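Below is one structure, written out as structure tokens; comments come after it.
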Amino acid sequence: MTISTARLARRRAKDIAFKAFCVLVTVLALTALAAILWSLLTQGLGGLNLDVFTRSTPAPGSRGGLANAIVGSIAMCGLAMVIALAVGILAGTWLAEYGGRSAYGAVIRFLNDVLLSAPSILVGLFVYEILVAPFHTFSGLAGAVALAMLAIPVIVRTTEDVLLLQAATLREAGVALGAPLSFVIRTILWRSAQSGLLTGALLAFARISGETAPLLFTALNYQFFSLDLRHPTASLPVVIFNFALSAYDDWRRLAWAGALLIAGAVLAVTIVARIVAQEQKRS
Amino acid sequence: MSDATLPRTAPPIRRANPKGALVAVVFEWLCCGAATMLLVALGWLLFSLVLGGWPALRKFGFGFLTTATWNPVTDVYGAAGPIMGTLVTAALALAIALPIAGGVAFFLTELCPAPLRRPIGTAVELLAGIPSIVYGMWGLFVFAPLFSRFVQLPMMAAAAPGSLLEKLTTGIPNGSGILSASIILAIMILPFMAATLRELLLTVPASVRESAYGLGATTAEVVMSVTLPYVRTGAIGAVMLGLGRALGETMAVTFIIGNSHTFPKSLFDSGSTIASTIANEFTEASTPMHTASLIALGLVLFVITFIVLGLARLMLRNQVAKA
């Protein structure tokens, strides 16, 4: 009897230690993450004013904002999303509806998974090699292509997943009416999966809007307001990177404001994506 | 017999080509082409890295991987410093983040009071999406000064001369360095790993857990000997995905690792990773050999992450297939 109580006590102690550890690390992790959000808010809100949205990046010591970077970011992300949606949805559709079960399909799916978490700086290097070096100029277009390469795997993945979730009866009903499969896909499956596709697009957008590494040597940076993507283009993440590492206090303030803007935008887009996904689940 | 009775001269029934038949074929080819673009992109990426890095690999040979001289002035490059920095920071980050992420995931699936479960789970998932540059900035401006004051200085003061601790803690106590970078990386991959582990643990059928509890197992025993083994492969996959992120992360590291190309000698020593070296130097590369060496570094990173991610994905797939 004494042995078994000792055993029980040991098990209980282990259990309590385990639980205490779990609670402790959760508190620790949430504290660290809350600390990050807190300094982001306090430091970022201090630098946020109307100038940030209306003026271009300044020389140190003079008045300025992030307007060119914000616009550049939006333009590059927008173009990247157009490319990524076109390629990603088609490729995801192929995986779900046509060739997904073949050996080739398995290879493509695996490569997509690899691309999904490939280091973004390598994508930057790659795009530099194919779109910057041959044309002898950094350009917003190259930046957009680099971002698209990061968005495509996300969209392929979600497209395949949501299409596979659609009921087989939908396809059968369409085909039984005599419609070719391609017609069924475009008019029935895509439509019934549209909120899922939207979720994927939003998640991809959230992912690329904060990416810095692939833009460093594709879009580079540009000091003035410009909408011409054939030339170097400013973007929020790159401006934040340059300004944060500078020695000027006003540049650092702008960097914090920019970081707050990006984090806020990413969080907002992610939350919208989750709401869309939940709506879909409910309907 | 019956064939002969058919009127052979009757005009063949000509069906109109179904409308959209061509569209169907074109559409299928478009889809297939888009899928093939993934293959082309990854293959081309590898090819352009090999091509771009070839001059450096040919000139320095195997020594590129094993020597630690990185000198743009004399145009001699050896990548052992950044490679070691990448491996060490990623491994340390994983060692720090893994127990914490596990603890958070267990807390959320087993211990957390029901009303808090969803909010905390959602918060963790949302934090996984915060851009890494934010973590980097926080590391540089907020974490580094605190780390220097409350960890580096006391530890260096406490280290007895000649002891192992002294060896591990030599360096400039300015808050940046290998260990700081690892901690920031750990904080960055933590939400992602916790969220993935939690999702995996939620796939364990309730009946499995309930029967373990029903046999009188404590929470620790249920987690350690029932639910965790149930998701073993998937969990390893999730960990390796986290490792892959840590290996390839650029921004969170560049801010705080100190950016020196020497072979890191201690935890507080400044160092560099492959990604941070490329980010810092690529646009300012002075000679073709410098550029080639940076691209060759990228190739090394590609190979390392490809192996890690490949293994991770295979394991996660098997787990999902099983679930």
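All values reported here derive from a predicted model rather than from experimental measurement. Just so we're on the same page: letters track the sequence lines, and every chain starts at 1.
For B/T291, no part lies under 4.5 angstrom from a heavy atom of chain A. For chain A, the nearby part of B/T250 is the side chain; its heavy atoms alone come within less than 4.5 Å. Heavy atoms of A/F241 lying under 4.5 Å from chain B belong to its backbone as well as its side chain. For chain A, the nearby part of B/P191 is the side chain; its heavy atoms alone come within less than 4.5 Å. For chain A, no part of B/V308 is nearby; none of its heavy atoms comes within less than 4.5 Å. Looking at B/L190, only its side chain comes within 4.5 Å of chain A, counting heavy atoms on both sides. In this structure, chain A has a heavy atom under 4.5 Å from the side chain of B/L241, while its backbone stays farther away. Residue contact with chain B, scored on non-hydrogen atoms closer than 4.5 Å, involves the side chain of A/I152 exclusively. Only the side chain of A/L30 comes within less than 4.5 Å of a heavy atom in chain B; its backbone stays farther off. Neither the backbone nor the side chain of A/I89 comes within contact range of chain B; no heavy atom of the residue lies under 4.5 Å from a heavy atom of that chain. Proximity to chain B (any heavy atom under 4.5 Å) is shown, for A/A86, by neither the backbone nor the side chain. Only the side chain of A/I185 has a heavy atom closer than 4.5 Å to any heavy atom of chain B. When heavy atoms are compared at a cutoff of 4.5 Å, A/L203 does not approach chain B at all. Neither the backbone nor the side chain of A/A133 comes within less than 4.5 Å of any heavy atom of chain B. Both the backbone and the side chain of B/T219 come within less than 4.5 Å of a heavy atom in chain A. Heavy-atom distances place both the backbone and the side chain of A/L216 under 4.5 Å from chain B. Interface residue A/V156: only side-chain heavy atoms are found under 4.5 Å from chain B. Residue B/I278 touches chain A through both its backbone and its side chain, counting heavy-atom pairs closer than 4.5 Å. Only the side chain of A/L220 comes within less than 4.5 Å of a heavy atom of chain B; its backbone N, CA, C and O stay farther away. Residue A/F183 does not touch chain B at all, counting heavy-atom pairs closer than 4.5 Å. Neither the backbone nor the side chain of A/L95 comes within contact range of chain B; no heavy atom of the residue lies under 4.5 Å from a heavy atom of that chain. Heavy atoms of A/V266 lying under 4.5 Å from chain B belong exclusively to its side chain.
Scanning all heavy atoms of the two residues, the minimum distance from B/G298 to A/L125 falls at CA-CD1, 4.1 Å. The minimum heavy-atom distance between A/W94 and B/E28, with the atom names listed, is CD1-O, 4.2 Å. Shortest non-hydrogen contact noted between B/L140 and A/A244 is CD2-O, 4.2 Å. Scanning both residues, A/L90 and B/A34, for their nearest heavy atoms gives CB-CB, 3.6 Å. Contact record, A/A32 with B/I187: CB-CD1, 4.4 Å, taken as the closest heavy-atom pair.
Scored by the salt bridge (charged side-chain N to carboxylate O under 4.0 Å, His left out) test, B/E221 finds A/R11 as partners (sequence neighbours excluded). Listed by chain and number, the residues in a salt bridge (charged side-chain N to carboxylate O under 4.0 Å, His left out) with A/D113 are A/R157, B/R317 (sequence neighbours excluded). Annotation: salt bridge (charged side-chain N to carboxylate O under 4.0 Å, His left out) contacts of A/E97 (sequence neighbours excluded): A/R171.
Residues A/F21 and B/P99 have side chains in contact (heavy-atom distance under 4.5 Å, counting atoms from C-beta outward). Side-chain contact between A/E129 and B/L45: absent, with no pair of heavy atoms (C-beta onward) separated by less than 4.5 Å.
Counting heavy-atom pairs closer than 4.5 Å to chain B, the top-ranked of the candidates A/I262, A/I121, A/V127, A/V269 is A/I121. Comparing A/I130, A/L181, A/V123, A/V25 by heavy-atom pairs within less than 4.5 Å of chain B, the highest count is held by A/V25. Among the candidates A/I108, A/I271, A/I36, the residue making the largest number of heavy-atom pairs closer than 4.5 Å to chain B is A/I36. Ranked by heavy-atom pairs shorter than 4.5 Å toward chain B, the options A/R12, A/K14, A/E211, A/K19 are led by A/K19. Looking only at heavy-atom pairs under 4.5 Å with chain A, the residue among B/V124, B/L247, B/V223 that has the most is B/V223. Contacts with chain A were tallied for B/F302, B/F255, B/F306; B/F255 has the most, counting heavy-atom pairs under 4.5 Å. For the options A/L122, A/L260, A/T270, heavy-atom pairs under 4.5 Å to chain B are most numerous at A/L122.
Below 30°, between 30° and 60°, or above 60°: for B/F282 and A/F217 the angle between ring planes is between 30° and 60°, a tilted geometry. Note: A/F126 and B/W44 have perpendicular aromatic rings, judged against thresholds of 30 and 60 degrees for the angle between ring planes.
Here CD1 of A/I16 is found 10.0 Å from OG1 of B/T218. Values are rounded to the nearest 0.5 Å. To the nearest 0.5 Å, atoms SG (A/C22) and CG (B/L108) are separated by 9.5 Å. The distance from atom CH2 of B/W29 to atom OG of A/S182, rounded to the nearest 0.5 Å, is 14.5 Å. Atoms CE and CG, from B/M188 and A/L33 in turn, are 12.0 Å apart once rounded to the nearest 0.5 Å. The line from OG of A/S120 to CD of B/E249 is 7.0 Å long, rounded to the nearest 0.5 Å. B/F106 CZ to A/T26 OG1: the interatomic distance, rounded to the nearest 0.5 Å, is 10.5 Å.
Remark: of the listed residues B/L39, B/L42, B/L38, B/L38 is the sole one forming a side-chain contact (heavy atoms from CB on, under 4.5 Å) with A/N112.
Cation-pi geometry between A/R252 and B/F141 is not met: the NZ or CZ atom fails to fall both under 6.0 Å from the ring centre and inside 45° of the normal.
Residues of residues 126-139 of chain B lying under 4.5 angstrom from chain A, judged on non-hydrogen atoms, are B/L126, B/L127, B/G129, B/I130, B/P131, B/I133, B/V134, B/Y135, B/M137, B/W138 in numerical order.
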